[in-house]
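This report refers to the structure that appears directly beneath it.
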There are 2 protein chains.
Amino acid sequence: MADTEPTPVPERKRGSGVKMVYDLLRDEILDLVLPPGSPVDEVQLAERFKMSRTPIREALVRLAGEGLIETLPNRSTMVSNIDFLNLHTFFDALVLMYRVTTRLAAQNHRQEDLPTIRGFHEDYAAAVTARDTLAMIATNVAFHAAIAEAGRNPYFTGLFRRLLDEGRRILRLYYQSYEEQFPQRFVDEHAEIIAAIEARDIEGADRLGKAHAEQIVLQVQQLFSRNVRLDIAL
Amino acid sequence: MADTEPTPVPERKRGSGVKMVYDLLRDEILDLVLPPGSPVDEVQLAERFKMSRTPIREALVRLAGEGLIETLPNRSTMVSNIDFLNLHTFFDALVLMYRVTTRLAAQNHRQEDLPTIRGFHEDYAAAVTARDTLAMIATNVAFHAAIAEAGRNPYFTGLFRRLLDEGRRILRLYYQSYEEQFPQRFVDEHAEIIAAIEARDIEGADRLGKAHAEQIVLQVQQLFSRNVRLDIAL
DNA sequence: TGTATTTTTCTTGTCGACAAATAAAATGCA
DNA sequence: TGCATTTTATTTGTCGACAAGAAAAATACA
């Protein structure tokens, strides 16, 4: 319980510690290695990373700023809970950002954006044929994040990135249960989206982005209600 | 130049220092007391607030997380610049958030939200008749922030708040020039928006929110181009 | 035994000092 | 004078230690 990692690195450069701790904790939170509610102890982290509490603290402040952890004053810090009761607000925001970023990509993308997007599209297709669920999640996120970048609106990409993070956490929670859940259909939809972006078909991209997002949300909701039903059945 | 404030408070409680510094710096940045590009010196702030660098630093990390300041590693920290070249991305995001939050308010508000919204509406009307420009900016922000809260989607309200902050900074920059710029018309539109929300007219609220936002953006853009033209003329 | 009160423990919040990195200033040299 | 090099100055990054606050444990008392 004390050493969760086999001593990452004993030596590092000035200024790199914060980012390292931030990135690693963020990954562990989003991958549910640190499940919601887990205590986050500064001293323990300081020992684990072989540094003083100061840079640890700075990383925690940043994580708290993004809502990934919560601090009870003078008492403790823990990984934020997933607000299952208000998941609909999450889905609303997610669908809108899918739409808007896809739309803006059709409007604002440059030629050099397309190879990147196509690359992730192919990675996703490969993950689907390999039935590698975790790779599907990761490449799907990368695909849509790349589209958002091509849309070139930092306000939207910022929110979208946070939403995708939270989605990653939620999907991890159920990733055992969805075999076949991200099917070939999504690969085809991705291809359509790319075509609309490339053709600068703004309304088409908007429509496809929305429909695609709603499909994904529907899948997750079904997954969700199925699991709840299982819980109740026991 | 050294003491910008007449010694705020020499005594304070454990844990309150960070929030105090954060709030004060945030206000000074948004009110352009600290204009874009201003250096933000940790030691100077520590002296000014009579505390050590540690809580100052934490406040700065949070401000950096919201993009209000920028840190050059190992060198200096300064107030973020306003990205005039990409203002359209700001306007796009602002209009969409106006729309969405108004729409969601019509859908999700509770009875107890309306008095608050009406209160800010009246404050704004009073500021208009008094021709108090700064009060107009402040109450307009409060009015729309209250509507967003009534929409009850923390993802949208979070982004909206940041956009309104940035707008506050931009408007401050030109606040000398716009007399009569927020006219009676906006008061009437606010009243229409309230009516649509109360009637739970979702599509109507959406439409009004969008139109209202576009009007505001238009005003700001006109203000902007007029000032640019002045600069060029000189 | 049950409850109020004191003590202890544990975690965070703050501090002052030092180290590292960068830019600016000073110096050397042709 | 012009340029490369060394030195200094300034600012941030990190550290270890201590203090404060809150919960948990221990104690006192009816």
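Small disclaimer: the values here were computed from a predicted structure and weren't measured.
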Measure the distance from CD on A:Gln44 to P on C:dT11 and round it to the nearest whole Å.
-> 9 Å

Using atom CD of A:Glu47 as one end and atom P of D:dG16 as the other, report the distance to the nearest whole Å.
-> 12 Å

For nucleotides 23-26 of chain D, give me every protein contact, N/O to N/O, under 3.5 Å, one pair per line with atom names.
residue: D:dA23; atom: O4'; partner: A:Arg75; partner atom: NE; Å: 3.3

Could you check how far CG of A:Leu63 sits from P of C:dT12, rounded to whole Å?
-> 14 Å

OP1 or OP2 of C:dT14 less than 4.0 angstrom from a side-chain nitrogen or oxygen of B:Ser52, does that happen here?
-> no

What residues, two or more places apart in sequence or in another chain, satisfy side chain to side chain donor-acceptor pair (under 3.5 Å) together with B:His109?
-> B:Arg200

Compare the minimum distances between each of C:dT11, D:dT12, D:dC15 and the side chain of A:Thr54, then state the nucleotide with the smallest one.
-> D:dC15

Protein-nucleotide distance (A:Lys19, atom NZ; D:dT14, atom P), rounded to Å = 14 Å

Length of the CZ-C1' vector between A:Phe49 and D:dT14, whole Å | 16 Å

Within the structure shown, what part of the strands sits under 4.0 Å from A:Val61 by heavy-atom distance: base, sugar-phosphate, or nothing?
-> nothing

Could you give the CZ-to-C1' distance, from B:Arg12 to D:dA19, as a whole number of Å?
-> 13 Å

Between C:dT12 atom C1' and A:Glu70 atom CD, what is the distance in whole Å?
-> 17 Å

Residue met sooner reading DNA chain D from 5', once B:Glu42 and A:Pro73 are mapped to nucleotides | B:Glu42

Which residues share a side chain to side chain donor-acceptor pair (under 3.5 Å) with B:Arg168, sequence neighbours left out | B:Asp27, B:Asp31

Walking DNA chain C from its 5' end, the first of A:Lys13 and B:Gly15 to be reached, judged by nearest nucleotide, is B:Gly15

Of A:Val18 and A:Asn74, the one whose closest DNA chain D nucleotide lies more 5' = A:Val18

What distance do A:Ile69 atom CD1 and A:Leu63 atom CG have between them, rounded to the nearest 0.5 Å?
-> 5.0 Å

Does A:Glu214 come within less than 4.0 Å of A:Arg99, counting only side-chain N to carboxylate O?
-> no

Between C:dT14 atom C1' and B:Glu58 atom CD, what is the distance in whole Å?
-> 10 Å

Pairs flagged by salt bridge (charged side-chain N to carboxylate O under 4.0 Å, His left out) wherever residues 74-94 of chain B is involved - sequence neighbours left out = none

For the side chain of A:Arg14, starting at C-beta, report the closest nucleotide among D:dT11, D:dA22, C:dA19.
-> C:dA19

The side chain to side chain donor-acceptor pair (under 3.5 Å) partners of A:Asp165 (sequence neighbours excluded) come to A:Arg26

Proximity to the side chain of A:Met51 - top-ranked nucleotide from D:dC15, D:dA22, D:dT12 = D:dC15

With sequence neighbours excluded, residues passing salt bridge (charged side-chain N to carboxylate O under 4.0 Å, His left out) with B:Asp113 = B:Arg152

